[in-house]
Structure formats: structure tokens, C-alpha cells
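Values reported hereafter were calculated over all heavy atoms of this structure, with side chains retained and with hydrogens, waters and symmetry mates removed.
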Amino acid sequence: MFRYLLKRLILLIPLLLAVSVIVFLFLHFIPGDPAIAILGEHASAESLARVREQLGLNDPIHVQYFRFLGNLLKGDLGRSFITRNQVADELLTRFPATIELSLAAMLFAVAIGVPAGIVSAVKQYSVFDHVCMIGALIGVSMPIFWFGLMLIWVGSLILGIFPPSGRLSVGITLDPITNFMFIDALLQQNWAAFKDAITHMVMPAIALGTIPMAIIARMTRSSVLEVMRQDYIRTARAKGLAHKVVIMKHALKNGLIPVVTVVGLQFGYLLGGAVLTETIFSWPGVGRMAYQSVMERDFPLLQGTIMTVSTSFVLINLLVDLVYGFLDPKIRYD
């Protein structure tokens, strides 16, 4: 396994290099001038030229790229054009919020999707099966921005149970240590902040986790149904094993690999695809930051965000591949 892991890590280098080229070129060829975004449309030509020179925007595109790549290899993601803060510091502040939201959304998706898929497979063509599959189809098709607004309308305006935006309510103080809200609240034993963070997390997690939940439910159902048709399942039943043991120990365990694949991929998508959810709920994560950096033509901040999310996505896929060996001992890493 060590040789396989080392090989995959080495292959990350050309992959991330290709990502850096695509990201850099894409951002620099889209319309818009960072100097105008910084100074405004009514700035003088002399001021705009001075800012472009200070930011290195007058250099040829290949010079700008190799400067970006050289800094990247040193671990320097540059400075934001707008705030002039280090991009790494901005990511350390924002990325934990996105990770927390993605983990909560995936926990919701797995907790609902996997049991629903199992029961649908066991009770194939039953009323429950039809209801679950229709619900999964609706969940996949539902626009996140509409569903998020409906959650705010019902949960905040009508029921008044959940706050509509943010990570903490006004008046709740919590000193940042790790920038993970729940961890910081536990470390400081601030139970008021911990409870308040949970109430703020519920609606964004449901909105973000609905589509993965539907996909996981459908994949679990298909995988379990396929496994239940295998000969060893019939053999287990012929031995007189209880129906629950056959399902949980034999069918589910052997059908988990496709489900784990989907969970890993969806979690990677959540890390980079939470732009709408974070914008609707004013969640201070990297998705919302990426949207703001696009609007402000903040190239270093957007490049650093995309590179960080891309690296996380690739590492999550590597972790999923390693988990396969624990789920199925027949898998060998050659």
C-alpha cells in the first residue's frame, strides 16, 4: 500500500500543475480589470496604470504565470488585490467554515440516504420504495437557491426556530482558536456558542446535503439490489441466517464500495460547490469568498481558493481509494 500511496502522491504533481495552468489562464482571459475593481470606474488613467504596474498586470502572461508558480512552490499564495492580506491567511479563516458545513451536510446525507436506500432495496417496489425514489428524484432536481430560500422562509420567518444567516448570533462571543466553530466552543466550554452554532448549521446543511442525500439513496438501493442477487446471499439464506444478518453483514458490506465512492466524490464537490448555499445563508466560507473574488477580479484570492479546493478534492479521492482495501480484502494495491 505504501508504494501505491507514494505513486499516487507523485502523480498529484502534474495533475495540480495542469490545474494551475488552466485556472491561471481562465482567470486572466475573462473580461474585467482588477485595477478598476480596486479604484473604481471613475479613477484616472494614471492611477489605473500605477496600480496595474504595482500588481504586475503589465507583465506578459507567461511572466505572470511563472511568478505565480514560483510563489506557489514556496507555499506562498500571494496577497489579495482588494484586502492586501495574505491569501493563505484568508483561507485559514474561511476554509474551516466550509469544511464544517460540508461535513454537516454529508452527515445529513449519509444518515438519511443510506438507510433509505437499504430499506428501498429490501422492500423493492413497495410503497416506501416508490416514495423514497420519487423523493430522491425531487431532491436531485430541486434548485439549491430555491430550496434554501424556502428553508429560510419556513424555518426562520414562519416557525422562528432557526436563524436565517451567519455562523453565530449577535451577542454570542467565541475566541477563534482553530476557526472550527464547534471545536473552539468545546475547547472553551462555551456551551451557549456551541448550541447557537448548531442552530445556525441546520438549514445550510440541509440545503447543501439534499442533492447528495438523493444520490446516495439511489446508489445504495442499486448497489444492495445487485449484491442481493449474488449466489453467496442465497447461500447465506439457505444456511438459515436471519434476514437482518444477511442484509447488514453480507449484502450491505459488499455493496458499500460504490456508496463510498459516491460519498467521497460528493464531499469533494461540497467543498468547492457550496457557493450558492454560502451566499444564500451568508455563510463565511470559501464558496462565498470565491464568488466575491470573481466579482472583484481578485485573481490571487480566487487562484488560491481554487488550488486549495482542487488539492482537497484529489486527496479525498485518494483516501476513498485507500478505504476500498479495508472494505474488500480482495482488492490489492499494485
Do [X] and [Y] come close enough that some side-chain heavy atom pair is under 4.5 Å?
{"X": "F281", "Y": "I152", "value": "yes"}
{"X": "Y65", "Y": "L25", "value": "no"}
{"X": "L72", "Y": "L77", "value": "yes"}
{"X": "T199", "Y": "D196", "value": "yes"}
{"X": "L301", "Y": "F81", "value": "no"}
{"X": "R221", "Y": "C132", "value": "no"}
{"X": "P300", "Y": "R79", "value": "no"}
{"X": "W283", "Y": "M201", "value": "yes"}

Roughly how far, to the nearest 0.5 Å, is the [atom2] atom of [Y] from the [atom1] atom of [X]?
{"X": "M307", "Y": "S312", "atom1": "CE", "atom2": "OG", "answer": "10.5 Å"}
{"X": "L186", "Y": "I177", "atom1": "CG", "atom2": "CD1", "answer": "10.5 Å"}
{"X": "H200", "Y": "S165", "atom1": "NE2", "atom2": "OG", "answer": "6.5 Å"}
{"X": "Q266", "Y": "I211", "atom1": "CD", "atom2": "CD1", "answer": "8.5 Å"}
{"X": "F194", "Y": "L187", "atom1": "CZ", "atom2": "CG", "answer": "11.5 Å"}
{"X": "T305", "Y": "D298", "atom1": "OG1", "atom2": "CG", "answer": "8.5 Å"}

Can you spot which of V263, V224, I216 makes a side chain to side chain contact (heavy atoms under 4.5 Å, CB included) with V114?
I216
Which residue is it: Q64, E53, R52? I am looking for the one with a side-chain hydrogen bond (donor to acceptor under 3.5 Å, both in side chains) to N58.
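With N58 as partner, Q64, E53, R52 yield a single side-chain hydrogen bond (donor to acceptor under 3.5 Å, both in side chains), made by E53.
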Would you name the heavy atoms of [X] and [Y] that are closest together and state the gap between them?
{"X": "P284", "Y": "R94", "value": "O-CD, 3.2 Å"}
{"X": "E278", "Y": "V286", "value": "OE1-N, 3.5 Å"}
{"X": "Q124", "Y": "L225", "value": "OE1-CD2, 3.6 Å"}
{"X": "G148", "Y": "I280", "value": "C-CG2, 4.2 Å"}
{"X": "A121", "Y": "M228", "value": "O-SD, 4.4 Å"}
{"X": "L270", "Y": "M106", "value": "CD1-CE, 3.6 Å"}

Side chain to side chain contact (heavy atoms under 4.5 Å, CB included) for L318 and L9? Distances and angles first, verdict last.
CA-CA 9 Å; L318 174 59; L9 290 176; 3.8 Å; yes
Using the side chain to side chain donor-acceptor pair (under 3.5 Å) rule, take S80 and E90 through it: C-alpha gap first, then chi angles, then the decisive distance, then the call.
CA-CA 9 Å; S80 167; E90 296 278 359; 5.4 Å; no
Does E100 have any salt bridge (charged side-chain N to carboxylate O under 4.0 Å, His left out) partners at least two apart in sequence or in another chain, and if so, which?
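Once residues adjacent in sequence are excluded, the partners of E100 under the salt bridge (charged side-chain N to carboxylate O under 4.0 Å, His left out) criterion are R167.
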Following the transitive rule for hydrophobic clusters with a side-chain heavy-atom cut-off under 4.5 Å over Ile, Leu, Val, Met, Phe, Trp and Tyr, establish whether [X] and [Y] coincide in one cluster.
{"X": "L6", "Y": "I13", "answer": "no"}
{"X": "V140", "Y": "L137", "answer": "no"}
{"X": "L157", "Y": "F162", "answer": "yes"}
{"X": "L92", "Y": "F180", "answer": "no"}
{"X": "M203", "Y": "I158", "answer": "yes"}

Listed by chain and number, what are the ring pair (Phe, Tyr, Trp, His ring centres under 6.0 Å) partners of F299, not counting sequence neighbours?
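F299: ring pair (Phe, Tyr, Trp, His ring centres under 6.0 Å) contacts with H28.
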Step-by-step side chain to side chain contact (heavy atoms under 4.5 Å, CB included) determination, F313 to L271
CA-CA 8 Å; F313 185 83; L271 289 177; over 6 Å; no
List the steps and the verdict of side chain to side chain contact (heavy atoms under 4.5 Å, CB included) for L17 and L69.
CA-CA 9 Å; L17 182 63; L69 182 60; 3.9 Å; yes
Residues, nucleotides or ligands: over 12 heavy atoms within 6.0 Å of [X] [atom1]:
{"X": "F66", "atom1": "CZ", "answer": "no"}
{"X": "Q292", "atom1": "CD", "answer": "yes"}
{"X": "Y291", "atom1": "OH", "answer": "no"}

Between the side chain of [X] and the main-chain N/O of [Y], is any donor-acceptor distance below 3.5 Å?
{"X": "D184", "Y": "T178", "answer": "yes"}
{"X": "S120", "Y": "G117", "answer": "no"}
{"X": "N179", "Y": "F95", "answer": "no"}

Go through the steps for R288 and T98 under the test side chain to side chain contact (heavy atoms under 4.5 Å, CB included), then give the verdict.
CA-CA 9 Å; R288 189 180 177 203; T98 298; over 6 Å; no
Excluding L168, membership of its hydrophobic cluster (Ile, Leu, Val, Met, Phe, Trp, Tyr; side-chain heavy atoms within less than 4.5 Å) reads I172, L174, M181
